[in-house]
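Here is how names work: the chains are called A, B, and so on, in the same order as the sequence lines, proteins then strands, and each is numbered from 1.
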2 protein chains.
Amino acid sequence: MLAAREEAIVQNVNRLLAEKGFEAMTVDEVAAAVGIAKASLYKHFTSKEDLAAAAMVRMLRRARQFLDAVDPALSPLDKLRAAVRWTLQVQLEGQMPALPSQNSSLRAALMANRDYLDTLMEISDELGGWIEAAQKEGSVNPKLPALAVLYTLYARGCDPVLGFLQSSGQHSDEEIVELVLSTCFDGLRNR
Amino acid sequence: MLAAREEAIVQNVNRLLAEKGFEAMTVDEVAAAVGIAKASLYKHFTSKEDLAAAAMVRMLRRARQFLDAVDPALSPLDKLRAAVRWTLQVQLEGQMPALPSQNSSLRAALMANRDYLDTLMEISDELGGWIEAAQKEGSVNPKLPALAVLYTLYARGCDPVLGFLQSSGQHSDEEIVELVLSTCFDGLRNR
DNA sequence: GTCTATACCTTGATAGAC
DNA sequence: GTCTATCAAGGTATAGAC
């Protein structure tokens, strides 16, 4: 079954991207992890960038699914909190693909990928609506530009603090999630 | 002059690390930027990792210098704010070397580099003292583990939000610094 | 569509003359 | 210590048989 094989490929790419990042991940590794020859990979995906883009699209779709399933009865602030919590948990599970934030061949490929851009836009719209509502009701600081809030939320998806705290060995995953949620929404200053 | 040449090398490495990261930076580029042959580089530094480590040590020393010069009359909270502000400014100037947070050959080299570890420890001690004082006086949330606060501060040095906001083109560098400082210390929630 | 084998290139690092 | 020239390894991608 073609779809099942491709899902297995993308799943492994996803994991490897989370583990080592785009540049350190090799196509040989992916092929070995899936258990097929490298040349077979290239029958499904035309390039390494294409592989990574597929993994990113898969993750974005999962994110969108989660957002769509968030309890509409929650306050806008709690919806945002739920979104960030989900992101942090995915990252702690080693399932959040890490891509270079700097310019690279991958960024060009992503910017040319309609699936990626569309899903990213949908997510941004949904989060943007929540942000606007939260600022209107005064639960999120209205002085912050909505775009800055959005970027700050996205950045939690690749926050190195999670890995640092995890390797310190002093906190459970649940504690780490709550700590980062707290610093994200409440800040370091005392309230 | 040997020292001057090595300073020129490390300066270029620093800039290239900030631009493209460790993996995307090539030794050929460094040699070209400095204006010497690649083989000559290897007379000064024994490996690419060694080059990057030297750049990191240089940046850590600059950070330590800055911390030592912070006005002792400031409150502990304002000292921490000054430290983060400095980090953000360096990053916006494209001078903050970006290293892979994931495991790699570079991490091993850094962990074997006494200069790096010593300076990092000194900085952490200085910041740690300020954090403790700030928590004691109640200006920083005392419920947060000091280590989590420290990591959160460090993480601002590679915060992708800066680059996102910069490329949005809607804010000056000064505004971006104040925005990120605000989200870091005050959080997204309204106060 | 899977495989083996390989082309082609880039990269980190070195040899050896000066 | 600088250069030119080169090596060895490992990477992406492809050819071509089945």
* Asked: Across the strands shown, which category fits A/Ser47 at heavy-atom distances under 4.0 angstrom: base, sugar-phosphate, nothing?
  -> sugar-phosphate

* Structure fact -> Whichever of A/Val27 and B/Gly35 has the more 5' nearest nucleotide on DNA chain D, that residue is B/Gly35

* **Whole angstrom value for the distance that separates P of D/dC3 from CG of B/Asp28** => 13 Å

* Asked: Atom NZ of B/Lys38 and atom C1' of D/dT6: how far apart are they, to the nearest Å?
  -> 10 Å

* Report the nucleotide, chosen from C/dG12, C/dC3, D/dG11, that has the shortest atom-to-atom distance to any side-chain atom of B/Tyr42. => C/dG12

* Would you call the rings of B/Trp86 and B/Phe66 parallel, tilted or perpendicular, where under 30° means parallel and over 60° means perpendicular? -> parallel

* A/His44 NE2 to C/dC3 C1': how many Å, rounded? -> 13 Å

* For A/Ser40, answer base if it contacts any base atom (sugar-phosphate contacts may also be present), sugar-phosphate if it contacts only those atoms, and nothing otherwise; contact means non-hydrogen atoms under 4.0 Å. => base

* Asked: Can you find a pair of side-chain heavy atoms, one from B/Tyr154 and one from B/Ser124, that are under 4.5 Å apart?
  -> yes

* Distance in angstrom units between A/Ile36 CD1 and C/dT4 C1', rounded -> 14 Å

* **Base D/dG11 paired with A/Lys48 side chain (donor-acceptor, <3.5 Å)** => no

* For the pair made of CG in A/Leu41 and C1' in D/dT14, what is the distance, rounded to whole Å? -> 14 Å

* To do: Kindly indicate, with the supporting measurements, whether the criterion side chain to side chain contact (heavy atoms under 4.5 Å, CB included) is fulfilled by A/Phe22 and A/Met56.
  => CA-CA 11 Å; A/Phe22 178 70; A/Met56 282 304 301; over 6 Å; no

* Asked: Between B/Leu2 and A/Glu23, which has a closest nucleotide on DNA chain D that is more 5'?
  -> B/Leu2

N/O-N/O pairs, protein side and nucleotides 16-18 of chain D side, under 3.5 Å:
none

* Asked: If you look at every heavy atom in B/Gln102 and B/Arg107, which pair is closest and at what distance?
  -> O-CD, 3.3 Å

* To do: Take atom CD of B/Glu6 and atom C1' of D/dT2, then tell me their distance rounded to the nearest Å.
  => 14 Å

* Minimum-distance nucleotide (side-chain atoms of B/Ala37 versus C/dT4, D/dA13, D/dC3) -> D/dC3

* With a 3.5 Å cut-off and no angle check, do the side chains of A/Ser139 and A/Glu137 form a donor-acceptor pair? -> yes

* Asked: Considering all heavy atoms of both residues, which atom of B/Gln135 and which atom of B/Val149 are nearest to each other, and what is their separation?
  -> NE2-CG2, 4.2 Å

* Smallest separation among heavy atoms of B/Tyr116 and B/Leu110, with atom names -> CD2-O, 3.5 Å

* Whole Å only: how far is the CE atom of A/Met25 from the P atom of D/dG11? -> 12 Å

* To do: Send over the distance from B/Leu16 CG to C/dG12 P, rounded to a whole Å.
  => 12 Å

